Amino acid sequence: QVQLVESGGGLVQPGGSLRLSCAASGITFSRYAMSWYRQAPGKSRALVAVITSDGGSTNYADSIKGRFTISRDNTKNTVYLQMNSLKPEDTAVYFCKAGNICWGQGTQVTVSS
């Protein structure tokens, strides 16, 4: 059974940081590119960042470039999203995705003072 479990979300003040984690099971993790998406209230789910299967290449949405970093540890079957300099507009549910086969359940990130 393929499963992705996100963690690390929460409430943070503007300018703060969070690190999201997504632990995978039931798949050969190292074979899949991994992505982070987010969905704000009333908006469509949008791609935030993607990392290749070997971690050698990454790509980011323009809105978060320079503030967020995606990384992965294939020995731990986990992908991360380090989020710095958070803004209120980063408030959303964040989802990880393995290739085109599976989504996590999401973790809420709220940026507010």
Side-chain angles (χ1 to χ4, degrees):
Q1 179 183 359
V2 181
Q3 191 172 21
L4 300 176
V5 179
E6 299 99 334
S7 61
L11 174 64
V12 63
Q13 292 186 342
S17 298
L18 284 174
R19 188 175 85 151
L20 306 183
S21 299
C22 170
S25 59
I27 60 171
T28 306
F29 182 75
S30 61
R31 291 183 180 177
Y32 292 92
M34 296 295 296
S35 306
W36 285 98
Y37 286 72
R38 67 185 182 185
Q39 187 166 16
K43 295 190 176 181
S44 300
R45 194 172 296 190
L47 179 65
V48 173
V50 60
I51 188 167
T52 54
S53 57
D54 65 355
S57 182
T58 58
N59 204 6
Y60 298 93
D62 287 343
S63 60
I64 57 87
K65 275 182 183 176
R67 299 189 297 121
F68 291 10
T69 303
I70 188 171
S71 62
R72 66 190 295 160
D73 185 339
N74 284 351
T75 68
K76 296 181 178 179
N77 289 357
T78 301
V79 62
Y80 305 97
L81 186 67
Q82 178 68 44
M83 306 186 295
N84 299 328
S85 302
L86 282 160
K87 305 175 181 180
E89 51 263 43
D90 296 318
T91 295
V93 179
Y94 285 71
F95 300 87
C96 64
K97 183 182 178 186
N100 288 313
I101 65 167
C102 184
W103 291 91
Q105 83 289 350
T107 186
Q108 176 71 47
V109 171
T110 303
V111 185
S112 175
S113 55

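For clarity, every value in this text was computed on a predicted model and none was experimentally measured. For the numbers below, each heavy atom of this structure counts, side chains included, while hydrogens, waters and symmetry mates do not.
- With sequence neighbours excluded, the residues that form a side chain to side chain donor-acceptor pair (under 3.5 Å) with Thr110 are Gln108.
- For the atom pair Cys96 SG and Trp36 CH2, the distance stands at 5.0 Å (nearest 0.5 Å).
- Closest heavy-atom contact between Tyr60 and Ile70: OH-N, 2.9 Å.
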Give the table of side-chain donor-acceptor pairs shorter than 3.5 Å for residues 10-27, with sequence neighbours excluded, one pair per line with atom names and distance.
unit_1, atom_1, unit_2, atom_2, d
Ser17, OG, Asn84, OD1, 2.9

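- Here the closest heavy-atom approach between residue Gly104 and residue Phe95 is recorded as O-CD2, 3.6 Å.
- With sequence neighbours excluded, the residues satisfying salt bridge (Lys or Arg N to Asp or Glu O under 4.0 Å) with Lys65 are Asp62.
- The ring-ring contact (aromatic ring centres under 6.0 Å, His included) contacts involving residues 70-93 comprise nothing, where partners must be two or more places apart or lie in separate chains.
- With sequence neighbours excluded, the residues forming a side chain to side chain donor-acceptor pair (under 3.5 Å) with Thr75 are Asp73, listed by chain and number.
- Listed here is the closest heavy atom pair of Met83 and Leu86: CB-CD2, 3.8 Å.
- Interatomic distance, CZ of Arg67 versus OG of Ser85, reported as 7.0 Å (0.5 Å rounding).
- Evaluation of the side chain to side chain donor-acceptor pair (under 3.5 Å) rule for Ser7 yields no partner, not counting sequence neighbours.
- The two residues Ile51 and Val79 have their closest heavy-atom pair at CG2-CG2, 4.2 Å.
- Residues forming a side-chain contact (heavy atoms from CB on, under 4.5 Å) with Ala46 (at least two apart in sequence, or on another chain): none.
- Residues satisfying the ring pair (Phe, Tyr, Trp, His ring centres under 6.0 Å) criterion with Tyr37, sequence neighbours excluded, are Trp103.
- Between the side chain of Gln39 and the backbone N or O of Ala92 there is no donor-acceptor pair closer than 3.5 Å.
- Summarising the geometry, atom NZ belonging to Lys87 is positioned 10.5 Å from atom CD1 belonging to Ile64; distances are rounded to the nearest 0.5 Å.
- With sequence neighbours excluded, the residues forming a salt bridge (Lys or Arg N to Asp or Glu O under 4.0 Å) with Arg38 are Asp90, listed by chain and number.
- In this structure Arg31 satisfies the side chain to side chain donor-acceptor pair (under 3.5 Å) test with no other residue, sequence neighbours excluded.
- Closest of all the heavy-atom pairs between Leu4 and Ala98 is CD1-N, 3.6 Å.
- Applying the disulfide bond (SG atoms under 2.5 Å apart) test to every pair with at least one member in residues 37-68, sequence neighbours left out, gives no pairs at all.
- What you find for Thr91 and Pro41 is that their closest heavy atoms are O-CD, 4.4 Å.
- Interatomic distance, Asn77 CG to Met34 CE, rounded to the nearest 0.5 Å: 9.5 Å.
- Remark: the backbone N or O of Val93 is not paired with any side-chain donor or acceptor of Arg45 at under 3.5 angstrom.
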